[in-house]
Amino acid sequence: MTDPVGGATPDAAIVGTGPNGLSAAVTLARAGLRVVLYEKEETIGGGLRTESLFDSDVAHDVCSAVHPMAAASAFFRRFDLPARGVRLLQPDIPYAHPLSRGRAAAAWRSLETTAERLGVDGTRWTKLMAPLADRSRGVVDLLLSGQRSLPPDPVAALRLAPRVLAHATARGGRFATEEAEALLAGVAAHAVGRMPSLTSAAVAMLLGHTAHSTGWPLPEGGSARIAEAMAADIAAHGGVFRTGHRVRDLAELGGVPIVLLDVGPREFLALAGRRLPARYRRALERFRYGPGAAKADFLVSAPIPWRNPLVGRAGTVHLGGTRDDVVRQENATAAGHPAGAPFVLVVDPAVTDPSRAAGGRRPVWAYAHVPNGDTRDPVELVRRRIEEYAPGFTDTIVASRGIPAADYETYNPNYTGGDIGAGAMTLRQSVARPTVRWNPYTTPLRGVYLCSAATPPGPSVHGMCGHLAALAALRRHHGLRTPPDLSPADTRSRSDA
Ligand SMILES: Cc1cc2nc3c(=O)[nH]c(=O)nc-3n(C[C@H](O)[C@H](O)[C@H](O)COP(=O)(O)OP(=O)(O)OC[C@H]3O[C@@H](n4cnc5c(N)ncnc54)[C@H](O)[C@@H]3O)c2cc1C
């Protein structure tokens, strides 16, 4: 029997406090349920932790750092982070992509500036992104859905579909210049898998257009500010946290009518064991994992000395060379062969949020795409990659820490073999996530739901997996058809729920 909440058996237990566990808890607590959350680590947040890793006042984002989806998703629009004091700071240049000989391409918040700077490809870029940016909410709500309902905005769907199809093939959607091609390939590579594909094209359209609509912000002070705002709302509505508690068997939660699991298929198998029907167990065992991420954190004494100063103004930097290089690296990685120089994402958070620098020191966040289960220490891989485009970077390093892909699952069992997407984002697994079911959040066990990024719409900090799973539970157990109000009490009129 689980711990009581306020002297009574909880109405719902949530295992795992990543953004999806937290969004599930917010949704249930706002509907009036007594919730208890279990987290194996001493701190909550999952992919939303910010910690001082080295002996300094500088805080580092352990997992996520940049939040286009927290600025755009339906859950976060209703939850309204800015009204809760979380400042989402927007870089003028959401992302940049350096190339050889000091060249670089950049996506500005302003579509006009981006087009102007892309020269002959400017009109093409505008034609690709403007129609999506004009219907941004519809595009986001379509892609960040449970993938089971009709598009909420048919116009957005009609604009999105041909673009995704065109960019899913090797010849489709090409540009005239290396700059524009590399710029788009860098966003497509966020899909972490084979390229080009329908998923890489969908990710390119989703992330690509939000750069020009809701932006790619960084929360002032780090990603943990998002988790803290969510935790405060849960606590204000009676929710209780049990940290440092790894749930090892669902039997521990006996008596709680609703259980939401912010865990991947492997952890679910371990928690439920023989209670699951053999067929469902086999389906979970067949779930495939994608390439890994190998994280490198640096404490440095100066901004990254990019050869092209424009890159130094970007919130996120993609290092992968030309489009063809990126495609080659991503396909080799997806096939399990380490690419010579991997695709690397770099963020110098103090560029967007000066409060992140302290005492002449600042953090540098980076990760490389590597094969699943890769055991190499990423510090050297990433350092070399940055040095290629920013000579002198090495001399600024005060301290560093690497987490090989193979070690990520010790930190968080959801990241199997370092797959931070909680399951390969193939076309099949975008829908059958983690198995083929009409309602992907339900399981064969009554009252037990999955709500992690291993359910639709998949990875990233959007809170939609947890929110949609909680709504499914509220419908089934309480007959609630209208989502609860999620806005902060004093800003109800501003909510767009
Ligand atoms: C290096 C890295 C960089 C990333 N960068 C970005 C980014 O910039 N922007 C972005 O949007 N996304 C990013 N992501 C992805 C994002 O962090 C994830 O998609 C997101 O956190 C998934 O949320 P979740 O709630 O499903 O799971 P998680 O955030 O993985 O949380 C799961 C939680 O459950 C806990 N848990 C698991 N099993 C148990 C158990 N049995 N008992 C108790 N607790 C348990 C874990 O400890 C963890 O706290 C990044 C991820 C990583 C690792």
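First listed ligand is number 1; within each ligand, the first listed atom is number 1.
Shortest contact from atom 53 (C) of ligand 1 to any protein heavy atom: Ile420 CG2, 3.1 Å. From the protein, the heavy atom lying nearest to atom 1 (C) of ligand 1 is Tyr408 OH, 3.4 Å. When hydrogens are left out, the protein atom nearest atom 32 (C) of ligand 1 is Asn414 ND2, 3.4 Å; that is the closest non-hydrogen contact. Among all non-hydrogen protein atoms, the one lying nearest atom 18 (C) of ligand 1 is Ser460 N, 4.0 Å. Annotation: atom 14 (N) of ligand 1 to nearest protein heavy atom, Ser64 CB, 3.9 Å. The protein atom (non-hydrogen) at minimum distance from atom 30 (O) of ligand 1 is Asn412 ND2, 2.7 Å. Scanning the protein for heavy atoms near atom 31 (O) of ligand 1, the closest one is Gly18 CA, 3.2 Å. Protein heavy atom nearest atom 9 (N) of ligand 1, with residue, atom name and distance: Val66 O, 2.8 Å.
The proximity of Phe268 to ligand 1, defined as any non-hydrogen pair under 4.0 Å, does not occur for either the backbone or the side chain. Under 4.0 Å from ligand 1, not a single heavy atom of Arg248 appears. Here His190 has no heavy atoms under 4.0 Å from ligand 1, in either its backbone or its side chain.
In summary, the side chains of Arg194 and Ser200 do not present any donor paired with an acceptor at a separation below 3.5 Å, with no hydrogens or angles considered. Neither side chain, Glu39 nor His245, offers a donor N or O lying under 3.5 Å from an acceptor on the other. A donor-acceptor contact under 3.5 angstrom links the side chains of Arg49 and Tyr411, judged on distance only. A donor atom on one side chain and an acceptor atom on the other are found under 3.5 Å apart for Thr27 and His467.
The six-membered or imidazole ring of Phe76 lies away from that of His67, with a centre-to-centre distance of 6.0 Å or more. Within the 6.0 Å centre-distance limit, the rings of Tyr449 and His477 are counted as a close aromatic pair. Annotation: Phe241 is not in aromatic contact with Tyr38 [ring centroid separation under 6.0 Å not met].
For a threshold of 3.5 Å applied to N or O pairs, the pair formed by Glu41 and ligand 1 contains no separation below that value. Considering backbone and side-chain N/O atoms, Gly45 never comes within less than 3.5 Å of an N/O atom of ligand 1.
Of the candidates Leu450, Val247, Val347, Leu271, it is Val247 that places a heavy atom closest to atom 42 (N) of ligand 1. Ranked by closest heavy atom to atom 25 (O) of ligand 1, the top entry among Thr243, Asp262, Leu261 is Asp262. Among Glu267, Lys295, Met69, the residue whose heavy atom lies closest to atom 41 (N) of ligand 1 is Glu267. In this structure, of Ala453, Pro19, Ser452, the residue bringing a heavy atom nearest to atom 20 (C) of ligand 1 is Pro19. The residue from Val461, Val15, Leu48 that puts a heavy atom closest to atom 16 (C) of ligand 1 is Val461. With distances taken over non-hydrogen atoms, the option nearest atom 8 (O) of ligand 1 out of Gly264, Ala65, Gly463 is Ala65.
Between the side chain of Arg78 and the backbone N or O of Pro483 there is no donor-acceptor pair closer than 3.5 Å.
Taking the six-membered ring for Trp and thresholds of 30 and 60 degrees, His318 and Tyr95 have ring planes inclined between 30 and 60 degrees apart.
Listed by number with element, the atoms of ligand 1 under 4.0 angstrom from any heavy atom of Glu39 are 33 (C), 34 (O), 35 (C), 43 (C), 44 (N), 46 (C), 47 (O), 48 (C), 49 (O).
Taking the charged nitrogens against the carboxylate oxygens, Arg109 and Asp92 have no contact shorter than 4.0 Å, which rules out a salt bridge. Contact check on Lys295 versus Asp61 returns no salt bridge, with no Lys/Arg side-chain nitrogen under 4.0 Å from an Asp/Glu carboxylate oxygen.
Shown are Asp262, Leu450, Asn20; of these, the side chain to side chain contact (heavy atoms under 4.5 Å, CB included) with Cys465 is made only by Asn20.
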